[in-house]
Amino acid sequence: MPPKSTPDILRFRRRLLAWYRRHGRDLPWRRTRDPYRIVVSEFMLQQTQVSRVELFYHRFLAEYPSIEDLARARPAQVRESWEGLGYYRRAANLHQLAKTVVREHDGLVPDDPEVLRELPGVGRYTATAVASFAYERPVATVDTNIARVIRRAFHPRRKPDPSDKVVWATAERLVPRRGSTAWAFNQGIMELGATVCTAREARCQICPVRSVCKTGTATA
Ligand code: SF4
C-alpha cells in the first residue's frame with residue numbers, strides 16, 4: 001500500500017528537498033531545461049555511470065548541437081560518436097528518435113509523457129523523466145535508484161522492480177504538485193538513491209529521510 005498519512009508524505013518531501021538543495025551535485029543536464037539536451041543525457045545515463053556520461057555529453061552535443069543535426073547524421077557517424085559509451089542500441093534509438101521528432105513534431109520534443117512513450121527507445125521512466133526535467137511537468141518518475149529508495153522507505157518487503165505498480169503509485173503520491181518543486185523532488189530522490197541509499201549500502205546514519213523510512217527506523 002502507498003503511504004497513507006499525509007504528514008509522512010509532507011515530511012519526506014520537505015526533508016528530501018532541503019537535503020537536495022544542499023547536497024545535489026551540479027551536473028550539466030541539471031543546468032538546462034533544453035528538451036533535446038535532456039533527452040541526450042537520459043539516453044546516455046541508461047546503464048552508464050554519471051562520471052562517464054559527463055565525459056561524453058559535451059562532446060556529443062558539440063558534434064550534434066541540435067536535434068536536426070542529429071537527425072541528419074549518418075547511422076555510422078552516430079555510432080562512432082557513441083564509441084566509449086557502449087550499449088549501441090541506445091545510440092540507434094536516439095538517432096531514430098531525433099528523426100521522428102523532426103519529421104512528426106516539427107523538431108520539438110513532446111512534453112506529454114504519453115506522446116513521449118511512442119518515440120523509439122522511450123519507456124515509462126524516460127518519458128516521465130523528460131516531461132519533468134525538461135518541461136517541469138509535475139509527474140512522478142521511477143528509475144532503479146528511485147525505486148530502491150521508495151521500496152526501502154515505504155515497501156521494504158517488495159522485491160526490486162522499477163516497473164512495480166505499487167512503487168509507481170507511491171511515487172505519484174510523493175511528487176509535489178508544483179512543476180518546479182516536482183523537478184527538484186525527482187532530482188533529489190534520484191540523487192539520494194545514487195549517493196546515500198545505494199544498491200551496495202543504505203547509509204541510514206546520514207540519510208535526511210530516515211525518520212520517515214521503514215527500513216531506516218527499523219535499524220535505528
Ligand atoms: S533511511 Fe536508509 S533505507 Fe531509508 S532511504 Fe535513507 S538510506 Fe535508504
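As the structure lists them, so they are numbered: ligands from 1, and atoms in each ligand from 1.
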_Step-by-step side chain to side chain donor-acceptor pair (under 3.5 Å) determination, Asn93 to Arg90_ = CA-CA 5 Å; Asn93 279 335; Arg90 293 179 297 171; over 6 Å; no

*asked:* I'd like to know if atom 4 (Fe) of ligand 1 has an N/O/S atom from Cys213 within less than 2.8 Å of it, counting both backbone and side-chain atoms.
replied: yes

*Relative to the heavy atoms of Thr215, which atoms of ligand 1 are at a distance of less than 4.0 Å?*
3 (S)

*Counting backbone and side chain alike, does Cys207 bring an N/O/S atom below 2.8 Å of atom 8 (Fe) of ligand 1?*
no

*Distance to 0.1 Å, residue and atom name: give those for the protein heavy atom nearest to atom 8 (Fe) of ligand 1.*
Cys197 SG, 2.4 Å

*asked:* Ring centroids only, cut at 6.0 angstrom: are Trp82 and Phe60 within range, meaning strictly under it?
replied: yes

*With ring centroids as reference points, do Phe154 and Phe12 lie under 6.0 angstrom apart?*
yes

*Assess the side chains of Tyr87 and Thr48: does a donor N or O sit below 3.5 Å from an acceptor N or O?*
no

*asked:* I need the nearest protein heavy-atom contact for atom 2 (Fe) of ligand 1: residue, atom name and distance, please.
replied: Cys204 SG, 2.3 Å

*Looking just at side-chain N and O atoms, do Asp161 and Ser163 make a donor-acceptor pair shorter than 3.5 Å?*
yes

